[in-house]
Each structure stands twice: as structure tokens, then as C-alpha cells.
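What follows is a short report on a single structure.
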Amino acid sequence: MIGSAIAAAAASTKQRDRNFFLNLLKSCTNLAQLNRTHAQIILNGLRKDLITITKLTHKLFDFKAISQAKLLFTSLSNQIAPDKFLYNVLIRGFSQKESPLDSLSIFAHLRNKTALKPDNFTYAFVVSAVSSPGFEKVGILLHGNVIASGFSSDPFVGSALVDMYMGFSEISSAYKVFEKIPERDTVLWNTMVSGLVRNCCFYEAVSVFRDMVVGGSQFDSTTLAVVLTATAELQELRTGMIIHGLALKANCHFHDHVLTGLVSFYSKCGDVVDAWLLFGLIRKPDLISYNAMISGFSCNNETESAVRLFKELLVSGEKVNSSTIVGLIPVSSPFGLLDLAHTVLGFCVKCNMVSNSSVSTALVTVYTRLNEMESARQLFDESPDKSLASWNAMISGYAQNGLTEMAISLFRKMQLLDIHPNPVTITSILSAIAQLGAPSLGKWVHDLIKKENFESNIYVSTALIDMHAKCGSIAEAQRLFYAMPEKNDVTWNAMISGYGLHGHGHEALSLFHEMLDSGVSPTGVTFLSVLYACSHAGLVEEGKKFFHSMTHDHGFKPSAEHYACMVDLLGRAGKLENALEFINKMPIQPGPGEWGALLGACMIHKDSNLACFVSDKLFALDPENVGYRVLLSNIYSVDRNYPQAASVRQVVKKRNLAKTPGCTLIEMNGHPYVFKSSDRSHPRVTAIYAMLEKLMGKMIEAGFQTETITAFHDVEDEEKELMVKVHSEKLAIAFGLIASEAGAEIRIIKNLRVCLDCHNFTKFVSKITERVIVVRDANRFHHFKDGLCSCGDYW
DNA sequence: CTAGGGTTAG
């Protein structure tokens, strides 16, 4: 029809008027039609008609013909004087094609080179052009212009301003603008809600929506769709269902956007069945709806369905974006779906998407979750422009997989390239340092935090508390904790578990009550941390009471970890029978956690009969785990049953089960030194071994029989060699003694649990050298002083 | 018949 209209126009020699072309322009549905119409406009002498040109320019932007629009403007601007309308179309056009600089330069031209006055349209467009991070300065300047020109209460300009501040993550400025606008229309409210959602302020988004409804403002399908995503993130089942009700009443229920919002809401709340049903009601499912459903399946562990839908999307030829890949991440983690990751990667390579920074970041995340660190690093190295998010993905991947040195060295590289970290980077790197237990690195990062002004960030300061506690300075952690003006549940948990780590059970308990008084609700982790603290401080009765109160007063359903902690509490205190009874009475099937805790208790209390029984359970549950076998072998050793110990070790060896090699870290004058078992690589190796020999000699003199010395009878050669090996912590302590001033505290960190022999050795050394020795092992801190250890020999 | 330009968004 349109084609024939154009044909008629071309065939006719009769001059067409402006109105004819305006209608024709309006009905163009693609660029080719538009170009033909443009030709006709020229033929009909309307080339310089401002009104026709304005509409034409507008249409060119609609079809994303941005360079053509630019060309048209530059070629005409010295022949005709553009008016405000044309300027406005250009400013909007560029702003929507994401070339804010072009928008700004047109705006500047309008202000400086013409006598035209910008109006509310102009400001709405130019403000929305600069609504992304990086334009803060010019954005605030424009806000000043808006006020000066008297447009601050215009709803269109107001919405644009609110959106702009939301884009800068200046939430409070956005609120200020919003509150100053008396007439709040639906779009303004929507701008607030969606801005809050974009900034992950989901709770605030829901609360603004509530104000909107209570205040009687009209909402629309956009409002509902957006606020649904907030309830999805919050897993606010009640609120989400109320909104679903509102959608039904307002007849918005069948809007595709609302349905998509409902899909993410129900799936994030665990109701994937309803989500799938609603997904089926979407008339024209597009990428966003698919993404919502795929991520819905994957966060509910419905791997097969997620993969099926993903493949369906692939074969449909529909484009996939970074959100699709990001949505698949939960699927790839617990199931080790390496195949899927490779499929995704293959697809991304084919579509040339790997160079897209958010896709490559997502892929890096997928591979780090699968603990495929080499693949992740390769992807990272090959991505052409690395965003801060990609750096963070790689660094936190290393930190989460225990590759702390890699995390730190990558962070160093970042520093060298002068790439500034953000709070996310800092939080990951602090976690790495906490795992490593390197206080000198901690100080370095702490200074950096001050320099970058991240101290007030709650994530950063919480990570700092955790780092200080895990690096041994519980006092510093405590100081930081009480200096924090605002604390969240994680902050409290970090401090409580810090106390537990150092064996300060009473402090942990009293901090828990402080937490309750402060109004922050405890989480599962809080209860776990308190139980852990009770267990490591030998507070059996308190722990039992606490466990009871957790279920009865706080209505918490204990998880497997809580049960394991209780077994640990009982077992550690020597109540092995009670611990076994507790396991047998558990309402859920006992798993490796509970049996493992009991096996640990058997080790401490030298009950090899029970250990044998428990081990059988464990080997059946988790045949690949080496730790349990090592533990069992140690139990036999402690019991002087060396042939049995050796035979357990033989199984480990025969089945090729890899054992984590032990190592110990010590810092001397700000330098970290790592010792492996029987290490001879240190430059002062001779002095270290001499010191060790001297100490061992004194120990025998004093009547300390070390476990290894008595162990030499009837042991096979191979086993003997294993026992004769000097554990890394002994080397580190000997080095600490010769490299530090007399009386100085010695701090070491061991990656595995300290063995009985080394524990005895350290107690003895602390006595004869009059040193405080602080040892962090895989589980906790040991403070050795005057021949005693803070763990009370239960660890 | 005086024409051409709006802000948010699953």
C-alpha cells in the first residue's frame, strides 16, 4: 500500500504538498522506504522545508541511520537555520543511539551559537543523554541550568533528572529531585522504582511502590513488571503475590512484560512450576523472557530444563546476550557442567561474543565456579577490553578457589597498570589475604582502602574485620567492629566467628546478644558461628542451650552444618557417646559432616574402636575424600597401632588419592616465607635445622617423648620416612626464633590441622624460649604461652 | 485544516 503510494507520487508530475509527505514519512516502516521518500521530498522542492526535514530526521534516528542523520544535518545547517524542534530531535536521537557526546555538542551549539532558548523538551533529552556514570560533572551542571530556567518541577525534566542521578548511583540526590516535584505522574514513579532496582535497592523499590499505591497514584504494567523483579530479588513471597493480585485486578496480567516479571518472581521464590506455566502465557517471548526462565530453571537446580531452553533459544536463531550466560552460572556450579560451559563458550566464539566484556566476564565466572582456573585465566587474558568487572571476576575466582597467591599477584598487576579497584575488588582481595593470613599484605591493602576512601563501605569494612581476625589480630578486628557506624548481619557474623576462631566463646555469646539488641536479625551463619565458638571454647552446656534456643525461640530449622557443629561440640568435650546418640536422633539423614566431626573427636580422645565404626560410614559416603583416611591413620598412630596406620595410608596411595601437602607461612620483617615439609630451600637452612636439633635435644632432656620418636618400632621403611619428615610448622617456628628479637611474638599459619606432635613441640618451645607463639591452622587459632595452649588441647 | 519534538521500562 505504501509502496503504491510512493509509486503514485513518483509517477505524478503534480507537486505534492508538505502534508502529503508528512503522512508518507509517518507511514514508512523501513529505511529503504524512507530513502525513497527522501528522494521524492527533494524532487518536490521540499529539501529545505524545516518541518519536513525535522520529521525526516526523526525517522532516520528511528531506523538507527545515525550517520545519515548527521550528514543530513551538517549538509543543511548552513543553508537553513535549524529551529528548536530540529535541535531537540537531534539531541534526543543521539542520546538514544548512545552517543551522549554528540547530544552534548548539539546542546552546546544551541546555547552558544544561536539565540534559541532551550525548553523543557531540550532539557529532558539532554539530561537523559548524560545519565550514565562518567557524566556526573556535566549532569550536575545541567541540573543547575534546569533550575535557572525554571523547569525543575516539569514532570518530563524531573523524570529525566531522577533517572540521571539513578544512573550515577546518587540515590539520595534522586530522592531529593523526586520529592521536589509536586505533580508526580506514573512515569516519574516508575523512574524511581526502576532506578532503585537498577541500583539493587530492592527493598527501597518495593517501599516506593507501596507509597505510590497508598498515595493513590495510577500504576501501569511497567510499574508492576519492574517492582516484580525487586520482589524476585528479595524473595518477598507475600509482596510478590499481592502484586500479582494487583495485576489481575488492573487487567495487566497478560502484558508480556508483567508475565516476564512474574516468571522471575516465582522462579526466584522457588516456584519454578508456576513460573513455567506463566512463561507459556507470554505471547511473544523475547530474549528477556527466555533469560528470566533460563535463570529461573538454573537457580532451582533444574539443570536439564535450563539447558534445554538455552539450546532452544540457540537454534531459534535469537541472539543471546550476557544476561543469558550469567543466568546459566548457577547451573554450571554444583553440577560441574563443564560440557555446558564449553557449549556456551563455543557459541560465544561463533557469534563473536567472547570479545564482549560482559560475556567474557560471565564466562570467566562460569569457569572459576567450575574450578577450571586455567581456562578462566585464558579467557581473561584473551579478552581485549577488560572491564573492572572482569578483573573482579578473575580475582574473586582465585580467592574463592583458594589460589590466594594468584589473586594477590593479579591484583598487583592491576595496580601496576593503574587500574583503580572498587569495593568489590577490595573485598575479594581481603578474603584472599585472610585465607593466606599475611598481615603485612593486610596493612598494604588497608592503606589502599584509606587512599581510595572505601572505609565507609560496609562490605569493605566487614571484610577488613574478617581479615584482621583471620590474620591473628582479634583486637584490631574488635576495634574496627565497634568503630563501624552501621553493621549488617554479615558484619556481626564476621566478628562472632572471629571470636570463635580465637577460642573466645563467652565473647561470641555476649556479642550474639548485643546483635539481638541492635535489631539485626541473626541468620543461619550467625547460629553456626556461635555454636562453633562454644565448641572451640569447651562451652558444652552453653552450646546445648543455644542450639535449643535457636530452634525454639528463634524458629530456626538447623541445617546439616548446625548438626555437625553440635556433634563437634559434644565430641570435642569428650562426650563421644552423647555425640553418637545425637547423630542417631537427628531428624535428617546424617551426612559426612556429622560423621567427620565425630571422627575428629575420636582422634582427640584416642578412641580407635569408635573411629573404626565411624570411618566405615564415612568411606561409604565419600570414598574419594583423603582427609578422613589421613585422620584415621593418625588415630591408629596415636594409639601406637602403626601397622594399621600404615595400611590406611597404603589405601590412599594405591587408589591414587591425592593428599594436600602441608605448608606453613611465617612473616618476618614484612616478608612472607613459606615452608614445606622437610624444606631445605631457605637460605638460612643450616641455622634453622641447627636450632631445631637444639630444641629437640632440650625436649628429650626435659622428658618430653615425642610421638615420632616412640614410633620407630615395627614400622615399614616407607612409613618411617613419612614420620621422620619434619613438619613445616616446626621449620617455620625455628626460623622465627632465629630471625626475630628475643621475646617477640611468633605468628605462623598452617594450611592443615596441626598434628599432635607439633602441638606438643610448640607448647614446649613456648615455655623454654618464653615466647608467645600464635598458630593458625585449618580450623582455628592456637595461642601458645608458658607451655600451654589456648585451645586446651582440644582442636 | 499552521503541521515537526517528550521522560521511565520486564
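Chain letters run A, B, ... following the sequence lines, proteins first and then strands; every chain starts at 1. Please read all numbers here as calculations on a predicted model, not as lab measurements.
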Can you tell me if the side-chain N/O atoms of His257(A) get under 4.0 Å from OP1 or OP2 in dT8(B)?
-> no
Are Thr57(A) and Thr54(A) close enough that a side-chain donor and a side-chain acceptor fall under 3.5 Å?
-> no
Considering only dG4(B), dT7(B), dG10(B), which nucleotide approaches the side chain of Phe85(A) most closely?
-> dG4(B)
Which of dG4(B), dG10(B), dT8(B) is nearest the side chain of Lys26(A)? It is dG4(B)
Ionic contact status for Lys70(A) with Asp102(A), cut-off 4.0 Å | yes
Which nucleotide in the list dA3(B), dA9(B), dT7(B) gets nearest to the side chain of Ala124(A)?
-> dT7(B)
CG of Leu278(A) versus C1' of dG10(B): gap in Å, rounded?
-> 13 Å
Among dG4(B), dG6(B), dT8(B), the nucleotide that comes nearest once only the side chain of Phe121(A) is considered | dG6(B)
dT8(B), dG10(B), dA3(B): which one has an atom nearest the side-chain heavy atoms of Thr260(A)?
-> dG10(B)
From the list dG4(B), dG6(B), dT7(B), which nucleotide is the closest neighbour of the side chain of Leu50(A)?
-> dG4(B)
Nearest listed nucleotide, side chain of Phe156(A), among dG4(B), dT7(B), dA9(B) = dT7(B)
Is any side-chain N or O of Thr191(A) under 3.5 Å from a base N or O of dT8(B), one able to act as donor and the other as acceptor?
-> no
Determine whether any donor atom in the side chain of Thr222(A) lies under 3.5 Å from an acceptor atom in the base of dA9(B), or the reverse, and answer yes or no.
-> yes
Arg18(A) side chain N/O closer than 4.0 Å to the phosphate oxygens (OP1, OP2) of dG4(B)?
-> no
Indicate the ring-plane relationship of Phe178(A) and Trp189(A), choosing parallel, tilted or perpendicular according to the 30° and 60° boundaries.
-> perpendicular
How about Phe63(A): does its CZ atom have over 12 heavy atoms from other parts shown lying under 6.0 Å from it?
-> yes
For dT7(B), take OP1 and OP2 only and decide whether either is under 4.0 Å from a side-chain N or O of Arg92(A).
-> yes
